[in-house]
Amino acid sequence: MNVFKTLALGAGLSGLLLSAAYAEGLQGKVIGFSQIGSESGWRAAETSVTKQVAAELGIDLKFADAQQKQENQIKAIRGFIAQGVDAILVAPVVATGWEEVLTEAKEANIPVVLLDRGIEGPEDLYLTSVASDQVKEGRVAGEWLVGAVGDKQCNVVELQGTVGSSPAINRKQGFEEALAGKANLTITRSQTGDFTRSKGKEVMEGFIKAEDGGKNICAVYAHNDDMAVGAIQAIKDAGLKPGTDILVVSIDAVPDIFAAMVAGEANATVELTPNMAGPAFAALDAYLNNGTVPEKFIITESKLYTPADDPQGEYDRRKGLGY
Amino acid sequence: MTRPTVDIRPTTQPPLPPSRPLTHFFTRPQVIALAAVLLVNWILFPGFFTITWQDGRFFGSLIDVLNRGAPVAILAIGMTMVIATKGVDLSVGAVMAISGAVAAVMVSSGYPAWIAVLAALGTGLICGLWNGILVTVLEIQPIIATLVLMVAGRGLAQLVTEGYIVTFSDPVLIFIGTGSFLGFPMPVVIAAVMMIAATLIVRRTALGLLIEAVGVNRSAARFAGLSAGALLLIVYTFAGLCAAISGLIVAGDIRGADANNAGLWLELDAILAVVIGGTSLMGGRFSIPMAVLGAMIIQAMNTGILISGFSPQFNLVVKSAVIIVILVMQSPLSAQLFRRRTPPGASK
């Protein structure tokens, strides 16, 4: 993706992301950002949004891609400390093994903000952590479905993420919480689609066969949009209408699910915002300029998008972000 | 041809019949295993064998098994030949990702589909040739030589797609992944044609024999006047081509090239399919149709787990248990127990 195109297309989104609440307080500050890598489209979008937000705030962002390795992240953080940056953002690749390097940052009086994932260890090693609430994401998706079907009897099939991964566990839990006590909504089948399109399609094919050609399925809940996109194709192949015959609700809000909404094939998605840096910069601004210590855990909004929320516009806004 | 002395069955057939009786086929452990897996699927889900005609194509779980198993089956065709030469190709999953990425990026940049398909196949050939050169010219052990492309290849695919899932709406590519011919899904048709063609080529010419000779003893084969290096190059290049075809199917199926996930770990499924098919990792005797059958056994298990309603935590446990049973059934010990041992070399 060419940089100028990214910036041009992303400008719309970042315009929304930036509110007047950010003063010019971080102008000229040097902030290091140790990113995990670019293992997923969402991660790439997080990187490009962070760079855009930093550029708009006039921050001198030092970006380090760790290529999925903790030792690279530790090296990058030590490098930031040696350069004497004003603050450090880290998206930790694993939860353990951060005490030593974060203590070094603390001793150098450099505030550290964790993005997207947490770590195990003393909480005083970092200023704050910005992350989404995965249980809430599942709950928002579930609540949408509860509202959408009303009193109608509805059999839901679930496409889980990778077995044992925290988004899969939490998004399942949140969805089940939302459906608890609703006798007309039952999860009849639940299998893993490994967060991928092809597995999502394959699993949905199996579900459709096993549930009387799909006639016994009223909705599919996918733990991410990619699996939902695969499921939509499986539903179409079976001669049914996704979005009408089988409702489709998923999580992440990647561009392609908005394309599916434009085509009337997806019903709802819950956003996992790639803008973790916005709240992080706001917290740093308050801390560096006013000495306000932020809350330890900043939870990003889990916003619901439906076809009523200008899917074409959302698609265009997100397309250039690297998803 | 002498039979082992422990086998005292009277034989009614000539020692090397031109075509083996059908009963021999049905008593093979692979065939019994496939039948057993299908039977279990049928018990778990009574509609398993129901096939209906819908929108001009067959529709049913059995068709799903064939369709979903096709990419691994195609990989297994190439992998069988590689393993028969005492090699292994770990890079096929990554090559799938590269070929899918090349095709997707080319059609979305406006090239006609046939050029994109040719480019993808050409990429596969080049990748296979690269492996072959590492193995033959540089004499690197196959597992290491192909590991290079296994790791680097996925990175190459990500470079090609620039990290995105590149989606397309080109009808030709989509047809390769999801179209149908005479009611059967295109991937199944492609896999069947490739299996028949590859089997005929290796069995109706001396090629199969030469591959086995290289696999049993490369030096001896060379001393016997065989151009072992050229043969290995052909075999690895063919495996690359098979991987490229699988990659096109997988990309066409989801209408997009997912460089991170396309073909991920499928090299291991392909190796497993070949081993279940009775081809030894030590090289030599091989069977392409049996490897394809092995791929179908794996997929029948996968589909069975999906429709059974088991919780996904059990997927891998069930799968490994079944595989252990199949491999034990094939072991020399149980073959002796069941008195079903075939003379070495007779099984082709």
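Letters A, B, ... mirror the listed sequences (proteins, then strands); counts begin at 1. Given the structure is predicted, the values throughout are model-derived calculations rather than measurements. Values below: all heavy atoms of this structure, side chains included; hydrogens, waters and symmetry mates excluded.
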Between [X] and chain B, which part of the residue has a heavy atom less than 4.5 Å away: side chain, backbone, both or neither?
X	value
A/S190	backbone
A/A238	both
A/D194	neither
A/D212	neither
A/V203	both
A/Q233	side chain

- prompt: Do you know which of A/A210, A/G200, A/G206 has the most heavy-atom pairs under 4.5 Å to chain B?
  reply: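 Sorted descending by pairs with chain B, the first entry is A/A210.
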Heavy-atom contact with chain A under 4.5 Å, split by part of B/F310: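 When you check distances to chain A, only backbone atoms of B/F310 fall under 4.5 Å.
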query: B/I305 versus chain A, heavy atoms under 4.5 Å apart: side chain, backbone, both or neither?
result: both
query: How would you list, by chain and number, every residue that makes a salt bridge (charged side-chain N to carboxylate O under 4.0 Å, His left out) with A/D237, sequence neighbours excluded?
result: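 Partners of A/D237 by the salt bridge (charged side-chain N to carboxylate O under 4.0 Å, His left out) criterion, ordered by chain and then number, come out as A/K201.
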task: Please report the C-alpha distance between A/D256 and B/T167 in whole Å, then the side-chain angles of each, then the deciding distance to 0.1 Å, and finally whether the side-chain contact (heavy atoms from CB on, under 4.5 Å) criterion is met.
output: CA-CA 9 Å; A/D256 284 346; B/T167 53; 3.5 Å; yes
query: Does the A/R197 side chain pair with the main chain of B/D253, one donor and one acceptor, at a distance under 3.5 Å?
result: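 It does not hold such a pair.
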Can you tell me how far apart [atom1] ([X]) and [atom2] ([Y]) are? Round to the nearest 0.5 Å.
X	Y	atom1	atom2	value
A/T196	B/L264	OG1	CG	9.0 Å
B/I254	A/K199	CD1	NZ	13.5 Å
B/N315	A/T192	CG	OG1	7.0 Å
B/I307	A/E205	CD1	CD	12.0 Å

A/K209 NZ/CZ over B/F59 ring centroid, <6.0 Å and within 45° of normal: yes
task: Could you tell me which non-hydrogen atom of B/P312 sits nearest to which non-hydrogen atom of A/Q191, and how far apart they are?
output: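 Closest pair (atom of B/P312, atom of A/Q191, distance): CB-OE1, 3.5 Å.
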field: Heavy-atom contacts under 4.5 Å, residues 169-180 of chain A to chain B
entry: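 When heavy atoms of chain B are the reference, residues 169-180 of chain A contributes no residue within the under-4.5 Å range.
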- prompt: Can you pull the side chain to side chain donor-acceptor pair (under 3.5 Å) pairs that have at least one residue in residues 168-180 of chain B, sequence neighbours excluded?
  reply: none
field: Contact winner vs chain A - B/G60, B/G309, B/G47, B/S311, heavy-atom pairs under 4.5 Å
entry: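 Of the candidates given, the most pairs with chain A belong to B/G60.
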- request: Please assess B/N302 against A/E202 for the test side-chain contact (heavy atoms from CB on, under 4.5 Å), listing each intermediate value before the final yes or no.
  value: CA-CA 10 Å; B/N302 287 342; A/E202 181 182 346; 4.3 Å; yes
- request: Only pairs at least two apart or in different chains count here, so list each disulfide bond (SG atoms under 2.5 Å apart) that has a residue in residues 185-245 of chain A.
  value: A/C154-A/C218
